[in-house]
There are 2 protein chains.
Amino acid sequence: MSITKGRSVTISDVAQTAGVSRAAVSKVIRNAYGVSPAMRERVEAAIGELGYRPSVAARALRGSSYRLGLEIPHVSARFMTQIMEGAKQAVAGTPYQLVLAPAHGPEYDTLESLADGLVDGIIAISPLVDPAWLEDLGRRIPVVMLGRHDHPTGYDTVVGDDIGGTRAIMTHLFDLGHRRIAHLTEPEAVTRPGSGTPHAVRLETYRTVMTEAGLADLIQIARREDVPDLARAATADLLARPEPPTAIVAGHDDIAMGVLAEIAATGRHGEIAVTGYDNTDLAAHPLIDLTSVDQQGMEMGAQAATMLLERLQGRTEPRRYRATATLQVRGSSVRSAG
Amino acid sequence: MSITKGRSVTISDVAQTAGVSRAAVSKVIRNAYGVSPAMRERVEAAIGELGYRPSVAARALRGSSYRLGLEIPHVSARFMTQIMEGAKQAVAGTPYQLVLAPAHGPEYDTLESLADGLVDGIIAISPLVDPAWLEDLGRRIPVVMLGRHDHPTGYDTVVGDDIGGTRAIMTHLFDLGHRRIAHLTEPEAVTRPGSGTPHAVRLETYRTVMTEAGLADLIQIARREDVPDLARAATADLLARPEPPTAIVAGHDDIAMGVLAEIAATGRHGEIAVTGYDNTDLAAHPLIDLTSVDQQGMEMGAQAATMLLERLQGRTEPRRYRATATLQVRGSSVRSAG
DNA sequence: GTGAAAGCGCTAACAA
DNA sequence: TTGTTAGCGCTTTCAC
């Protein structure tokens, strides 16, 4: 609050004003062992008077920066904002500060640049990085990975129940009489079989369930391009096929928004069942009213942050948190007309 | 890309491997003057071989961290994501990295913690901080402030045309026959008269325009609480008044979503005109179809980042960028029934 | 063109 | 309990 001018106040200034050593000041600000109440008081007075704030750079060079990094592939994706909120709340009240690092293009660079001494630990949502590379990163700095179904040894993971969630959607649609169910998902790179990304698992589950139901030949998969709006194009494409689907299972709510948009724009609102994933606030909006799977994004973000804090406290064996997935049925999943 | 294990590689390691001094390596990585092509090549080879990455902390301690900080009050606000995207794109291709700092509660802390040596410059969206305090911050570190109508001397500003945008909305509603027009805005703290925040200006403009039109006694102002969904409660409250409005001017699109939700939930969709502000992607969605003001959020974010980069290049006189505001008419602004 | 050396602000041994 | 001291990894004069 106190207003400082010109060159910034260093620990030496505080020491001088308080008439103690720099080490003493350091101990006070870290709540370290071995300071008399009298000294603590003097030092704190000096800190207040001078408006001293420790330099993160200097601290980081010596030990910790008290910063946690959260790497995010798409800052505007609704699910990401849930994660961010959750992480933010879990970090509040600790001595740590959360910083977000939006990835532009390949996530390696963003993660590296976080690891370059800016933060003490990293939460990452990076579908595209190589597990082995991540293991290595985890050796240099504590890492929690969101949304990866592999079983790493060098970092923690937080995942949703993508199999359960997808099965719940499919069962629901079958119950409504749908058979020609299409899946509209992310671009190929993010859904590579075996990659363990949420969308790869959802896609695989969709395939499995359709096959189990004897509907293997009705499997239809479409992908949106990387631009959000192109979910509409993909939808238009699906609907123009000779045997168009009666239901579209979108990879997540943002995609579902594009699906709904295209259907509404062609005047067929309510004629085709649509489902999303993530149960974002939009899904609950009466004008959208989207059936979706709630996988507790905020809780996932909060858990990730908590696990990272545990690692900073010394835990080394890997942990995994799996969020539950519950289907939230709303108006968009209409009964099949056929 | 190269995989490093254990303790991280320092500039000394590179120097040793390349058989040169640490200073030489430093010059190479900074593209500084005075390195022979031969040496540069040797050093770069060593860097590649060892997978060396300079420590941000150490660099920051001596000079720059090559990080730009963007402070954000609400990470999930749609307008914020426009800003983030714009800033991200403007920074891409420069040697700088963008980091986002979500504010939790009072923005002072977040801004201070950015200024504590983490970043070389700050973009802030902080309606609630004191201008004098900001001037002081601007003396310590380059600052660009988004959405403030004051005329600072020590930092740059990026603002929208809140007067023009609001006038455009009001004129449009008058043309549609509306007289009982209510304004649903943010909590009091953010709209204090004279504070120069966008929402204060929009509110004041609303008042002015109503008064100019001789409708001063029809002025109705409601506020949402800080939780997003409470825009619905405020709407319910407005509609329950003895003389309910025929049109509701929402402070921004997220609020408008709440208004639309409440109206739809009570089965009166299309009976009351609703307008938003920011022209977020939701506004364009066919199921929402919200009349809104486009103030080019991405461009604002990009301009802010560019101006900050200019300051880091040495500019010291303050600059201001004002985005244009254009009304985007859509279906939600229905004609007055009265 | 190249390298030696000082020091940025802080923390962590260790001495006193 | 308190202070002294030696760096953390890097940049930056300033000699060579």
Side-chain angles (χ1 to χ4, degrees), chain A residues 4 6-44 46-47 50-67 95 113 115-120 140-141, chain B residues 4 6-44 46-47 50-67 95 112-113 115-118 120 140-141:
Chain A
T4 330
R7 260 325 288 141
S8 71
V9 182
T10 77
I11 200 170
S12 302
D13 301 326
V14 177
Q16 206 161 3
T17 311
V20 299
S21 76
R22 286 160 29 198
V25 179
S26 175
K27 281 178 190 162
V28 169
I29 60 181
R30 285 176 300 126
N31 276 310
Y33 183 77
V35 266
S36 65
M39 164 171 277
R40 144 155 278 124
E41 198 169 329
R42 290 230 310 279
V43 169
E44 280 173 348
I47 288 177
L50 268 44
Y52 165 72
R53 302 200 40 119
S55 147
V56 188
R59 300 185 103 176
L61 199 53
R62 217 52 187 93
S64 13
S65 64
Y66 296 99
R67 300 290 185 275
S113 96
D116 286 341
L118 194 68
V119 299
D120 298 340
R140 301 200 320 237
I141 184 173
Chain B
T4 330
R7 260 327 288 142
S8 71
V9 182
T10 77
I11 199 171
S12 302
D13 302 326
V14 177
Q16 206 159 4
T17 310
V20 298
S21 74
R22 284 157 35 197
V25 179
S26 174
K27 282 177 190 161
V28 169
I29 61 183
R30 285 174 301 123
N31 275 310
Y33 183 78
V35 266
S36 64
M39 165 172 277
R40 143 155 278 122
E41 196 169 332
R42 288 231 311 279
V43 170
E44 280 172 347
I47 288 177
L50 268 46
Y52 166 70
R53 302 201 40 121
S55 146
V56 188
R59 301 185 102 175
L61 199 53
R62 275 313 260 166
S64 7
S65 64
Y66 295 98
R67 301 289 186 276
E112 286 279 23
S113 95
D116 286 342
L118 194 68
D120 297 340
R140 302 201 320 241
I141 184 173

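Quick note: numbers below take in every heavy atom, side chains included, and nothing from hydrogens, waters or symmetry partners. Each chain gets a letter, A, B and so on, in the order its sequence line appears, and its residues count up from 1.
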Heavy atoms only, 4.0 Å cut-off, all strands: where does [X] land among base, sugar-phosphate and nothing?
| X | result |
| --- | --- |
| A:Val35 | sugar-phosphate |
| B:Gly34 | base |
| A:Val20 | sugar-phosphate |

Along DNA chain C (nearest heavy atom to each residue), the more 5'-positioned of B:Ala58 and B:Ala23: B:Ala23
Considering all heavy atoms, the nearest B:Arg140-B:Ala115 contact: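 For B:Arg140 and B:Ala115, the tightest heavy-atom pair comes out as NH2-CB, 3.9 Å.
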Does the side chain of [X] get closer than 4.0 angstrom to OP1 or OP2 of [N] through an N or O atom?
| X | N | value |
| --- | --- | --- |
| A:Arg22 | D:dT4 | no |
| A:Arg30 | C:dC10 | no |
| B:Ser55 | D:dC8 | no |
| A:Tyr52 | C:dC10 | yes |
| B:Arg59 | D:dT11 | yes |
| A:Thr10 | C:dG9 | no |

Write down the distance between [atom1] ([X]) and [atom2] ([N]), rounded to a whole number of angstrom.
| X | N | atom1 | atom2 | answer |
| --- | --- | --- | --- | --- |
| B:Leu118 | C:dG9 | CG | P | 17 Å |
| B:Gln16 | C:dT2 | CD | C1' | 17 Å |
| B:Asp116 | C:dG9 | CG | P | 13 Å |
| B:Ile11 | C:dA5 | CD1 | P | 17 Å |
| A:Arg140 | D:dG9 | CZ | P | 14 Å |

Side chain of [X], heavy atoms from C-beta onward: which of [options] has the nearest atom to it?
| X | options | result |
| --- | --- | --- |
| A:Met39 | C:dT2, D:dT11, D:dT2 | D:dT2 |
| A:Leu61 | C:dG9, D:dT12, C:dC10 | C:dG9 |
| B:Ser36 | D:dT1, C:dG1, C:dG3 | C:dG1 |
| A:Ser21 | D:dC10, D:dG3, C:dG3 | D:dG3 |
| A:Arg62 | D:dT1, C:dT11, D:dC10 | C:dT11 |

Main-chain N/O of [Y] paired with [X] side-chain donor or acceptor, under 3.5 Å:
| X | Y | value |
| --- | --- | --- |
| A:Arg42 | A:Arg40 | no |
| A:Ser64 | A:Tyr66 | no |
| A:Ser55 | B:Gly117 | no |

Candidate pair B:Tyr52 and B:Thr17, rule side-chain contact (heavy atoms from CB on, under 4.5 Å), full reasoning: CA-CA 11 Å; B:Tyr52 166 70; B:Thr17 310; over 6 Å; no
Donor-acceptor pair (no angle test) under 3.5 Å: B:Lys27 side chain, C:dG3 base: yes
Polar side chain donor-acceptor pair, A:Ser26 to A:Arg22, under 3.5 angstrom: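 No.
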